[in-house]
Amino acid sequence: LPTLYALLLESIAPAGIYALVSVGLVLIYRATKVLNFAQGGMVLLGAYLLFSLQGSLPIALRIIVLLIVSGLIGAAIYYGLLDRLLGHSPLSIVMMTIVLSTFLEAVVGLAWGQDGDVRLLLPVSTGPVRLPGGQMIGANNILIGVVAVVFVALVGCLLRFTRVGLSMRAAADNSGLASYRGVNVRRTSAIAWGLSMVAATLAGVASGSLNGVNGNLLDIGLAAFPALLLGGVDSIVGVCIASAILGFLGSVIQTYLSADWLNPLMYSILLVTVLVRPSGLMGTPETARRV
Amino acid sequence: MHDPVESPETSVAELIRTHEPSADASAGTTRGVSKTSRRIALAVGTMLVLIFGLAGPGADVYVADFALLACIGAIALNLLTGFAGQVSVGSSAFLAVGAFTYVGVYRFGGLAIAILASALLCAVVGLLSGLPSLRLQGFYLVLSTLALFYIVDFVVEKIQFGVGAIGGFVLPGAQFLGWNINSDKQWYFFLLVTVALVLAGSWNLKRSKFGRAWVGIKENELATRVIGVNLTSMKLTAFTFSSALIGIQGALTAAFVQNVSYDNFTLDQAVSYVVMILIGGLGSVWGPIIGAAVVTALPTVISDIGTQLPSNIGTTVSTDLANIELAIYGAVVLAFLLREPRGIAHLIERAVTQLADKRRTRGGEEHDK
């Protein structure tokens, strides 16, 4: 059986992917008070965007183009759908995100479905590297961890130290008051959706480099919800901690039981969290009551 | 264009005054269509449905059987989501429970016993799955029904592999109280009666104390509690009724296709029921029927169109049928949510009412009474 060290190494990639997706969900929740069930569709779309750019531009440029396009798509989803549903019942908005996920899945299937299962080319070799202690691990696993940490740190800095970030925090805290004080709440919401789509794309690329790009990427969106709820739907730090915990737990489950157990057990954790402590590890209690 | 369906701020007084909060649908006889014309329309509709069953082409009757099965699930989900406002993606979990119950009990008395057993078991599971709704709303509730789906899916998979039926269970023809139901036509009439009963049930429920309480919960929980409705029992009855019905549908589907396997029950399937009630018209009695018919018939219609098209486009259509279908109904639902959240049922209702009004003003007073 693998050692604790090996299990920890193995959990880097899933934890990183959970963190990317769930931070995206937090951004969307804070800005628009919506749990986005379409995040999986966005992950899928992002991964296929990079796949379709493959071989066209130098790799660094390709990634930049990819992230810009992703951001624009996220903002477009906000302006095209969410913004128009403001004032409708939450019921309509929940169902909109559920149906949007199906729609994105179908569009991706129509556009790229014939290409089958493909593997993304990344700027680093995906070969194994030897770590101190003699463990072997795929280089992309480490890269995923690094990308997740860097992305979350950048988002944190954006929120903490910039003017845009300040207005985003103000809008998240109380959108009514913020707009009286001259914050353009629609714009901060669009930025949040754009950033969230960027995170989804990164998660899609990360996962695609591990297991190939195919329809299964859709499931990543739903798989991140236990981490989101355990961490607290409005806490970036909380969901990162929860992602690390559940990433590790996931590797343990896969090692000692089997992959079948992953979803039922993770969602049981979610159910218990939601019933016992709806605000999660670090969320604000008022938020949980409002949902 | 942008008239919101339900304002969340419905006042208590308003709720007490109008026992029928969605009064737009059944406007009565003062305006719009008279009772007689409604009855005539219903009779003509029934005739057409019966003639189709007797004389319709075999392949179409087969599709219609699936549409009728879907009607049950859509009506059931409409009770929960359309009336009581509780969103659920748990439909396929209850379908699975119903189908596996049929596999377990059909030997002991055919469909009749299986229907009872599935309804009971699903009512219990539904009651349990409704418990989180007492504390959670909206988004959180969707997550708890998602948890239900994953857990049920896991359990039925383990059961199926546990008894060694790797490829699924193959079932014999169905029996209902001694009658053999074998052909698609026999199923058609059997299901027609079932759907009629379920529809009548939902029609009556909407106007019962349950229906009013459910609509109240959907419109404004606090106000509903203030006027003395027991939210706990009302929410749980919505879950129980709805899941029991979906369980029955699961058993019937298993008996009809004569094959049950855990991987037939997917999240996409659950979403398709959400789509049905949204397209048809949330909270309307006829909406789920329309939605179920549209969503079930769409693949057949698309592939029929595909064969008419030039061969190169035609092959694309036939290979990508599932995605085209999903894209179309995804787009249609998004459009409906943005433009007309009350769905097709409301569009029809409005068109018919306008037509009747126009005719009445032209024809003078003799049409009134």
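Because the structure is a prediction, the values reported are computed rather than measured. Chain naming here is simple, since letters A, B, ... match the order of the sequence lines and numbering starts at 1 in each.
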Point-to-point distance, once rounded to the nearest 0.5 Å, from CD1 of A/Ile220 to CG of A/Leu217 | 4.5 Å

Chain B contacts, top residue of A/Leu275, A/Asn263, A/Val99 (heavy-atom pairs, under 4.5 Å) = A/Asn263

In terms of ring plane angle, is the pair A/Trp193 and A/Tyr78 parallel, tilted or perpendicular, where the classes change at 30° and 60°?
-> tilted

To the nearest 0.5 Å, tell me how far B/Phe265 CZ sits from B/Asp263 CG.
-> 9.0 Å

Pick from B/Val271, B/Val142, B/Thr81: which one has the most heavy-atom pairs with chain A under 4.5 Å?
-> B/Val142

Against chain A, label B/Ile328 side chain, backbone, both or neither, depending on which of its atoms sit under 4.5 Å from a heavy atom there.
-> neither

A/Phe225 and A/Phe37: aromatic ring centres closer than 6.0 Å?
-> yes

Sort out for me which of B/Asp153, B/Val89, B/Val87 touches chain A most, counting heavy-atom pairs under 4.5 Å.
-> B/Val87

Most heavy-atom pairs under 4.5 angstrom with chain A, which of B/Leu143, B/Val275, B/Leu326, B/Leu334?
-> B/Leu143

Chain B: which of A/Asp260, A/Leu81, A/Leu104 shares the most heavy-atom pairs with it under 4.5 Å?
-> A/Asp260

Ring pair (Phe, Tyr, Trp, His ring centres under 6.0 Å) between B/Phe149 and A/Tyr267, worked out | CA-CA 10 Å; B/Phe149 167 75; A/Tyr267 266 80; 9.5 Å; no

Atom group of B/Leu337 that falls short of 4.5 Å from chain A, counting heavy atoms | both

Under the side-chain hydrogen bond (donor to acceptor under 3.5 Å, both in side chains) rule, what do B/Asp268 and B/Thr266 come out as? Steps first, then yes or no, please.
-> CA-CA 5 Å; B/Asp268 280 344; B/Thr266 62; 5.3 Å; no

Would you mind checking which part of B/Leu282 comes under 4.5 Å of any heavy atom in chain A, side chain (CB onward), backbone (N, CA, C, O), both or neither?
-> side chain

Most contact-rich option vs chain B, by heavy-atom pairs under 4.5 angstrom, among A/Val107, A/Val108, A/Leu229, A/Leu265, is A/Leu229

Between atom CG of A/Leu281 and atom OG of A/Ser235, what is the distance when rounded to the nearest 0.5 Å?
-> 8.5 Å

Can you say whether B/Glu157 sits under 4.5 Å from chain A via the side chain, the backbone, both, or neither, judging by heavy atoms?
-> side chain

